[in-house]
Amino acid sequence: MVRANVISLLSSLLLLAVAVSAGFAGGAAPAPLRVRLAAVADAATAAGLPGVVVYTRIGSQATTVTSGVADVTTHRVMTREDRFRIGSVTKTFTATVIMQLVHEEKLALTDTVEQHLPGLVPNGGSITYRQLLSHTSGLADYFSNTRIFAPYAAGHLTYVWPHTTIVRISAKDKPIFAPGAPGKVAYSNTGYYILGLTIEKLTGRTLASELERRIFRPLRLRHTTLPSTNRPSGRYAHGYTDDFGKKHQDVSILSPSILWAAGGIISTPAEIAAFYRALFQGRLLPLALVRQMQTREVDVPQSRGRQSIGLGLFRAQLPCTASWGYNGDLPGYTTQSFSSADGRRQAVIAINAGEEGAFT
């Protein structure tokens with residue numbers, strides 16, 4: 001429970017950083033903000049998290065603080081250059097490519113899965129791409145399927161699942177509700193695998209190559225990749241979890257096949273922020289499509305009215321502003337990224353622990 005309390009504290013800090021920066025847009029981050037960020041990051045690692053990176057940006061002024069270690073075995077200290085598995089923050093990248101295909105008139109949000117991937121899922125003729133993007137399709141989540149998760153739970157962290165196989169197995173699970181049922185929402189990683197498969201079908205290229213061609217290379221995100229190998233390349237933060245039966249297990253080599261379009265990207269907090277900034281400022285999509293992504297589709301249950309879902313985005317309502325972004329939580333890593341709607345105020349937190357990975 002210490003981990004949950006610490007990450008809750010950091011989540012509050014993340015949203016606070018976005019909110020506080022609203023009063024300082026166009027100027028340098030005030031020194032007290034850096035001090036407060038560093039104090040809470042240090043408190044988090046003192047309470048049990050291996051390492052933390054907190055990034056904030058106000059206009060052109062960026063502030064980064066780090067605490068703890070990137071590798072508990074060697075005690076290598078965490079730095080701003082360390083790369084993290086960013087989990088479900090990947091979904092906004094995938095959604096952006098989908099919206100680019102909409103802009104290119106290769107896809108419509110009202111198209112059904114059956115139109116582009118016939119026979120892939122039962123009832124595919126009733127599931128639209130808007131529903132996949134907003135988690136309103138009713139599809140079950142493959143992470144809840146014991147058959148899919150079994151190899152990893154048994155310790156086979158490098159087990160490879162074909163992407164289509166994951167979808168077909170998960171799609172046999174009973175739908176949570178009918179596609180597009182009013183007011184209904186159910187988080188579905190499976191839906192984002194379908195989006196990834198659709199990108200590959202419509203472009204004739206791999207999702208990794210399309211992300212590189214459409215986003216990573218144009219934005220010069222040199223430390224951001226969708227890897228196909230188990231071990232991250234370059235300098236990276238090792239991720240730790242208790243989720244697979246071993247205390248504080250290093251799960252950095254977790255198979256990317258279980259993450260892919262729903263959570264497989266590796267990046268740094270600064271490059272995550274650069275992506276959202278480019279997206280929200282119209283450098284990846286026409287602003288009209290960005291505003292569609294930022295349209296509130298459905299409220300998230302049990303969020304006390306503070307969060308809603310758009311298209312590949314989550315919306316958190318703060319006292320003085322609304323922020324848009326995504327949370328990423330997977331074995332070994334936790335990432336949260338939120339920005340103002342225009343991308344001028346940003347905050348990103350990356351932690352190399354997830355799923356009860358605090359060292360307590």
Side-chain angles (χ1 to χ4, degrees), residues 88 90-141 163-164 167-168 170-171 175-215 218 226 260-262 275-276 278-299 308-315 324 326 341:
S88 285
T90 299
K91 290 181 173 68
T92 308
F93 289 78
T94 299
T96 298
V97 177
I98 287 290
M99 297 302 285
Q100 288 176 338
L101 293 174
V102 170
H103 177 58
E104 295 162 12
E105 299 184 348
K106 296 177 180 176
L107 179 71
L109 294 178
T110 54
D111 286 352
T112 67
V113 174
E114 189 67 18
Q115 286 176 253
H116 298 286
L117 299 170
L120 179 65
V121 296
N123 203 27
S126 298
I127 298 172
T128 69
Y129 284 89
R130 179 180 291 275
Q131 292 162 0
L132 295 177
L133 288 166
S134 60
H135 299 287
T136 56
S137 69
L139 285 169
D141 184 358
H163 304 141
T164 301
V167 173
R168 292 190 184 280
S170 179
I176 299 171
F177 50 78
K184 297 290 188 179
V185 59
Y187 197 88
S188 178
N189 288 290
T190 306
Y192 272 75
Y193 265 51
I194 295 172
L195 294 173
L197 292 171
T198 301
I199 291 168
E200 295 192 335
K201 175 70 176 296
L202 294 180
T203 65
R205 290 180 285 268
T206 66
L207 176 60
S209 65
E210 286 299 281
L211 287 167
E212 175 70 26
R213 184 174 74 89
R214 293 170 175 268
I215 299 176
L226 180 67
W260 195 51
F275 159 69
Y276 278 105
L279 174 62
F280 293 166
Q281 293 176 355
R283 287 184 276 138
L284 293 171
L285 285 168
L287 283 174
L289 289 179
V290 176
R291 299 299 173 247
Q292 282 196 50
M293 295 178 72
Q294 293 176 335
T295 297
R296 178 174 162 180
E297 294 283 313
V298 64
D299 290 328
S308 304
I309 298 179
L311 303 180
L313 292 168
F314 274 77
R315 177 182 184 271
W324 290 93
Y326 227 94

Parallel, tilted or perpendicular, as decided by the 30° and 60° cut-offs, for the rings of H135 and Y326: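 Geometry flag for H135 against Y326: tilted rings.
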Tell me the closest heavy-atom pair linking [X] and [Y], and the distance in Å.
X	Y	result
V121	A171	CG1-CB, 3.7 Å
A261	G196	CB-CA, 3.9 Å
P179	S126	CB-O, 3.4 Å
I176	A186	CD1-CB, 3.6 Å
L313	W324	CB-CE3, 3.7 Å

From CA spacing to verdict: side chain to side chain contact (heavy atoms under 4.5 Å, CB included), L211, V97: CA-CA 7 Å; L211 287 167; V97 177; 3.8 Å; yes
What's the separation between atom [atom1] in [X] and atom [atom2] in [Y], rounded to the nearest 0.5 Å?
X	Y	atom1	atom2	value
L101	I199	CG	CD1	6.0 Å
L109	M293	CG	CE	10.0 Å
L311	L289	CG	CG	10.0 Å
S170	I194	OG	CD1	8.0 Å
I98	F93	CD1	CZ	15.0 Å
M99	T94	CE	OG1	13.5 Å

So, using side chain to side chain donor-acceptor pair (under 3.5 Å) as the criterion, who are the partners of [X] when residues are at least two apart?
X	answer
E212	none
Y192	none
S88	K91, Y187
T206	S209

Look at the side chain of [X] and the backbone N and O of [Y], then say whether any donor-acceptor pair between them is shorter than 3.5 Å.
X	Y	value
N189	D141	no
E114	G119	yes
Q115	T112	yes
T136	L132	no
S137	I127	no

Heavy-atom side-chain contact between T203 and R214 under 4.5 Å: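 Yes, at least one pair of side-chain atoms sits under 4.5 Å.
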Full working for side chain to side chain donor-acceptor pair (under 3.5 Å) between D299 and S308: CA-CA 4 Å; D299 290 328; S308 304; 2.7 Å; yes
Residue pairs passing the salt bridge (charged side-chain N to carboxylate O under 4.0 Å, His left out) test where at least one lies in residues 189-207, sequence neighbours excluded: R205-E210
Salt bridge (charged side-chain N to carboxylate O under 4.0 Å, His left out) contacts touching residues 119-131 (sequence neighbours left out): R130-E297
Stepwise side chain to side chain contact (heavy atoms under 4.5 Å, CB included) test for F280 and L287: CA-CA 7 Å; F280 293 166; L287 283 174; over 6 Å; no
Residues Q294, R315; criterion side chain to side chain donor-acceptor pair (under 3.5 Å); working and verdict: CA-CA 8 Å; Q294 293 176 335; R315 177 182 184 271; over 6 Å; no
Heavy-atom neighbours of E105 CD exceed 12 at 6.0 Å: no
Residues T110, Y129; criterion side chain to side chain contact (heavy atoms under 4.5 Å, CB included); working and verdict: CA-CA 6 Å; T110 54; Y129 284 89; over 6 Å; no
Distance flag, aromatic centroids of W260 and Y193, threshold under 6.0 Å: yes
